[in-house]
Amino acid sequence: MLRTTTRTRHALLAAAATLLLSGCTAVGPGPSETSDRPSGTAAQDALLKAAEHRLVVDCLKGQDLSLTSRPRAPDDDRTLQAALFGAGPRELSVTLATGATVTAHTDGCLAGARHRLYGDQRRWFRAQVVVDNLRAEAQARVSSDPAHRAALARWTRCATPPGSIPHSGRPGRADRPDRPNPAVAARCSQESGLDEVRARLEAAELVTVRALRRDELTTYRQLRDRALRRAAELPATVPPQKGPTHS
C-alpha cells in the first residue's frame with residue numbers, strides 16, 4: 001500500500017471497497033466439490049481475489065466494521081482505514097531498480113488476509129512488487145539505450161515545429177517539445193522509427209529483467225501456488241481474523 005495523504009482517504013477506501021467487492025463470488029469448494037485449483041490465469045486471479053475479499057470481510061466483521069458502511073465522521077474514516085490497511089509506521093519496504101519505493105503495513109485486515117493466503121508476508125510483498133513492476137523496469141532500461149535516445153531525438157525533431165519553444169521554456173530542449181496533434185505524432189513515430197525501436201528494445205529488456213529477477217519470480221510462483229491451494233480449501237465460513245498470525 002503506497003503512502004497516501006489525508007485528502008485521498010475517502011477515495012482510497014472507496015477504491016479498496018470496489019476492488020474487494022468485485023471478488024465476492026463463491027469461495028472454496030463444498031464438501032463434495034473438488035479442491036483442485038482452476039486452470040487459466042484469469043480464473044486463478046478471480047479465485048484469489050474472492051478469497052482475499054472473504055477474509056477481509058470476516059476480519060472487519062470481527063471488529064464490527066464493514067467495507068460497505070459509510071463513515072459518519074473523520075474518526076470513523078480513520079478507524080476503518082486503520083482496520084483495513086494497518087496503522088503506524090509501514091514495516092514493509094521495497095525500493096525498485098527504477099528508484100520508486102513501495103511500502104506497506106504488516107497489520108490490518110488486508111495484510112492479514114494475504115498472510116493467511118500467501119504465508120510469509122515479507123517474501124510475498126517483495127516478490128509481488130518486483131514482479132508487478134518488471135515491465136516498468138524494462139521500460140526504464142529502454143529509455144537509457146542509445147538506440148532509443150536516437151529514435152526519440154528524431155521523433156522530437158519531426159514533431160517540433162520550427163522555432164517553437166518547449167514547455168520547459170528553454171529553447172533547444174529536445175525531450176520536451178510542444179505536444180503535437182495525434183496525426184503528427186503518429187506520422188513522426190513512423191518516420192523516426194520510435195515505435196519499432198521501443199517495441200524491439202522493450203521485448204529484449206524484458207527478457208533480461210526476468211533473468212535478473214529470477215529469484216523473485218520463483219518466489220512469486222511458489223507463494224501464488226500456496227495461495228491458490230489455501231483459497232480453494234477455504235471453508236464455507238471463515239472465523240473472523242483481527243490481524244495476521246505470524247509464523
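The model shown is predicted, which means the values in this text are computed figures rather than measured ones.
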Of all heavy-atom pairs between [X] and [Y], which one has the smallest distance, and what is that distance?
X: His148; Y: Val142; value: CB-O, 3.2 Å
X: Ala111; Y: Gln121; value: CB-OE1, 3.5 Å
X: Gln128; Y: Tyr220; value: CA-CD1, 4.0 Å
X: Asp45; Y: Arg224; value: OD1-NH2, 2.8 Å
X: Ala127; Y: Thr219; value: CB-CG2, 4.0 Å
X: Leu84; Y: Leu67; value: CD2-CD2, 3.9 Å

Output yes when a side-chain donor or acceptor of [X] lies under 3.5 Å from a complementary backbone atom of [Y], and no otherwise.
X: Asn181; Y: Val184; value: yes
X: Glu91; Y: Thr106; value: yes
X: Arg230; Y: Arg116; value: yes

Is [X] linked to [Y] within one hydrophobic cluster, defined over Ile, Leu, Val, Met, Phe, Trp and Tyr using a side-chain heavy-atom separation of less than 4.5 Å?
X: Leu194; Y: Leu201; value: no
X: Val131; Y: Leu212; value: no
X: Val197; Y: Leu152; value: no
X: Val102; Y: Val209; value: yes

Give a yes or no on whether Arg210 atom CZ has more than 12 heavy-atom contacts from other residues, nucleotides or ligands under 6.0 Å away. no
Side-chain heavy atoms of Leu48 within contact of Glu52, under 4.5 Å: no
Evaluate Val56 against His53 for side chain to side chain contact (heavy atoms under 4.5 Å, CB included), listing each step before the verdict. CA-CA 5 Å; Val56 166; His53 170 266; 5.9 Å; no
Starting at [atom1] of [X], measure out to [atom2] of [Y] and round the result to the nearest 0.5 Å.
X: Glu137; Y: Arg213; atom1: CD; atom2: CZ; value: 4.0 Å
X: Thr68; Y: Leu60; atom1: OG1; atom2: CG; value: 9.5 Å
X: Arg149; Y: Thr156; atom1: CZ; atom2: OG1; value: 13.0 Å
X: Cys109; Y: Arg114; atom1: SG; atom2: CZ; value: 12.0 Å
X: Leu134; Y: Leu217; atom1: CG; atom2: CG; value: 5.5 Å
X: Glu205; Y: Ser143; atom1: CD; atom2: OG; value: 9.5 Å

Between Arg141 and Asp145, is the salt bridge (charged side-chain N to carboxylate O under 4.0 Å, His left out) condition met? List the steps. CA-CA 7 Å; Arg141 294 169 66 92; Asp145 189 285; over 6 Å; no
Establish, from distance only, whether the side-chain atoms of Thr101 and Thr95 form a donor-acceptor pair under 3.5 Å. yes
Salt bridge (Lys or Arg N to Asp or Glu O under 4.0 Å) pairs, two or more places apart, involving residues 182-196: Arg187-Glu191, Glu196-Arg200
Determine whether Thr98 and Asn133 satisfy the following criterion, side chain to side chain contact (heavy atoms under 4.5 Å, CB included), listing intermediate values before the conclusion. CA-CA 9 Å; Thr98 59; Asn133 287 276; 5.9 Å; no
